[in-house]
Protein chains: 2
Amino acid sequence: MTVTPPLEACVPRPAAAALARLAHVRHLARGDTILFEGLANQVCVSVAAGVLRASKATEDGREAIVGLHFAGDFVGRPFAAHAAFSLSAATDAEFRSYSRPAVETLLREQPDMAQELYRRALDEIDNMHGWMLVLGRQVAGEKIGSFLLHLARRFDAGESFDLPLTRAEIGDVLGLTIGTVSRELAALRRAGLIDTPGQRGLVIRDRAALAARTGLASAFV
Amino acid sequence: MTVTPPLEACVPRPAAAALARLAHVRHLARGDTILFEGLANQVCVSVAAGVLRASKATEDGREAIVGLHFAGDFVGRPFAAHAAFSLSAATDAEFRSYSRPAVETLLREQPDMAQELYRRALDEIDNMHGWMLVLGRQVAGEKIGSFLLHLARRFDAGESFDLPLTRAEIGDVLGLTIGTVSRELAALRRAGLIDTPGQRGLVIRDRAALAARTGLASAFV
DNA sequence: CGTGATATTGAATATCCTCAAGATTTGTGG
DNA sequence: CCACAAATCTTGAGGATATTCAATATCACG
């Protein structure tokens with residue numbers, strides 16, 4: 001369950017072929033935006049490499065990252081005229097783009113596709129439930145731990161990987177400020193649970209202790 | 001968009017008939033539980049009356065309410081062996097129950113059903129995105145305001161309705177403690193924006209001012 | 001009318017934020 | 001390959017917000 005297989009691998013041959021015909025491969029540099037919250041919802045995408053971030057903002061500029069999407073994830077909202085969230089590249093990324101109306105047609109013609117996307121939507125809901133528990137009921141140190149363990153799981157990269165987000169963005173995910181994120185990472189470093197080589201590097205030195213400190217959300221980790 | 005039409009009204013005749021054949025009508029008293037987090041996931045349900053609450057808990061007993069479900073909502077996780085959340089009655093409630101395997105069969109046989117449930121799952125994701133912004137980036141007073149406006153919208157009951165949750169449960173929704181919930185409601189009462197007759201009553205006296213104070217999340221309200 | 005559950009309120013405290021200064025890292029152009 | 005500039009990160013001090021704990025009040029129900 002750590003790495004999502006691409007959508008094409010999860011639907012029968014004809015649906016996969018139809019989907020492949022619609023795809024346009026695109027590349028993004030970190031920071032590039034595909035969808036803007038509130039504006040026209042023109043495309044759905046399938047992540048090929050890198051990490052995409054879905055975010056929402058309040059009128060006065062406070063921002064929350066409401067989803068991170070990794071290789072294999074299908075991201076988008078068929079049947080919606082306007083984008084409910086902004087979608088941009090957290091890291092340099094590559095993805096396949098599908099026009100939204102074409103996806104909608106495909107959904108009607110290929111029932112297997114609708115069912116597969118329904119399953120994935122349910123998985124995403126489960127995942128978000130986990131985030132909500134973290135956001136509402138964990139303290140800063142636990143939030144950071146949950147987040148790091150979640151990343152390790154999604155990357156399936158053993159104990160060492162690059163953080164796809166800046167400290168400020170991690171704060172936007174967890175409902176913290178950049179200062180608190182930095183302080184809590186420093187605390188984990190001092191406790192010998194992690195290392196943070198460079199700005200983006202992250203090494204989990206003691207996963208068990210980190211999980212224990214996280215107070216769980218084991219379903220989420 | 002305030003009140004969800006029942007699933008049967010949103011799919012073609014044959015699918016609706018097939019669904020109706022599977023339904024078992026059930027009644028719940030406040031507090032009764034249908035699904036237990038981590039245990040067997042045996043049923044999906046359609047809410048007929050009252051409010052259901054979906055919740056998750058940490059090992060040490062902290063609880064988060066991750067969803068509220070009103071009349072017309074379809075709640076459940078086809079294709080999952082274990083329940084990812086507990087589901088119980090926030091108020092006395094009535095619902096139609098469907099065995100999970102039967103729902104899965106129906107999904108395969110009735111593509112329209114899969115598509116309708118997919119749409120609803122997407123709506124729920126949008127809704128949860130809104131909650132995540134509230135949880136992560138709003139302060140207590142704003143959270144309470146967002147919550148009350150959200151309820152008013154879902155109930156479609158004008159300016160006056162009964163709270164389906166206790167103060168403690170509202171805290172579990174918003175990531176607050178019972179004390180803070182009570183204090184913030186008192187502040188809104190003192191400011192003349194709401195009234196709270198009895199323990200469950202709620203009257204919105206000045207919706208515009210309440211919305212302004214909420215700092216928005218207008219998509220969510 | 002009494003009892004248990006729920007809600008209110010206060011005082012003290014812990015947590016996290018704000019603001020700010022300084023340090024590090026990354027990336028760019030020479 | 002180096003130097004410099006911009007971005008990002010770290011850390012501290014003080015303060016705001018929400019929590020904890022506890023006492024009291026109110027409500028719902030039998």
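Every chain is numbered from 1 and lettered A, B, ... according to where its sequence line falls, protein lines coming before strand lines.
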Fill in: A:L188/A:L210 under side chain to side chain contact (heavy atoms under 4.5 Å, CB included): CA gap, chis, key distance, verdict
CA-CA 8 Å; A:L188 292 176; A:L210 190 57; 4.0 Å; yes

Worksheet, complete the sentence: To the nearest angstrom, the CD-P distance between B:E169 and C:dA5 comes to 15 Å

Worksheet item: Out of D:dC9, C:dT9, D:dT19, which has the shortest distance to the side chain of A:S182?
Response: D:dC9

Fill in: Out of C:dC16, D:dG12, D:dC27, whichever nucleotide has its closest atom nearest the side chain of A:A140
C:dC16

Worksheet item: Do the side-chain N and O atoms of B:R189 and B:T196 include a donor-acceptor pair separated by under 3.5 angstrom?
Response: yes

Item to complete: Check every atom of D:dA18, C:dC16, C:dT9 against the side chain of A:L176 and return the nucleotide holding the closest atom.
Response: C:dC16

Worksheet item: Which residue, A:R200 or B:G179, contacts DNA chain C at a nucleotide closer to its 5' end, judged by nearest heavy atom?
Response: B:G179

Worksheet entry | Lys/Arg cation over aromatic B:F79: A:R119, 6.0 Å, 45° cone | yes

Practice prompt. Tell whether B:R190 reaches the base of C:dT9 with its side chain through a donor-acceptor pair below 3.5 angstrom.
Written response: no

Worksheet, complete the sentence: Which of C:dT25, C:dT9, D:dC27 is nearest the side chain of A:Q199? It is C:dT25

Worksheet entry | Interatomic distance where CD1 belongs to B:I144 and P belongs to D:dT17 [whole Å] | 16 Å

Item to complete: Determine whether the side chains of B:S55 and B:E63 contain a donor N or O and an acceptor N or O closer than 3.5 Å.
Response: yes

Practice prompt. Counting heavy atoms from C-beta on, name the nucleotide in C:dT6, D:dT11, D:dT19 closest to the side chain of A:R189.
Written response: D:dT11

Worksheet entry | Nearest-Å distance for atom pair CD1/P, residues B:I178 and D:dT26 | 16 Å

Worksheet item: Side chain of B:T177: nearest nucleotide among D:dC9, C:dC17, D:dT19?
Response: D:dT19

Worksheet item: Do A:R167 and C:dT24 have a side chain to base donor-acceptor pair shorter than 3.5 Å?
Response: no

Worksheet item: Among D:dT20, D:dT8, C:dC17, which nucleotide sits nearest the side chain of A:T166?
Response: D:dT8

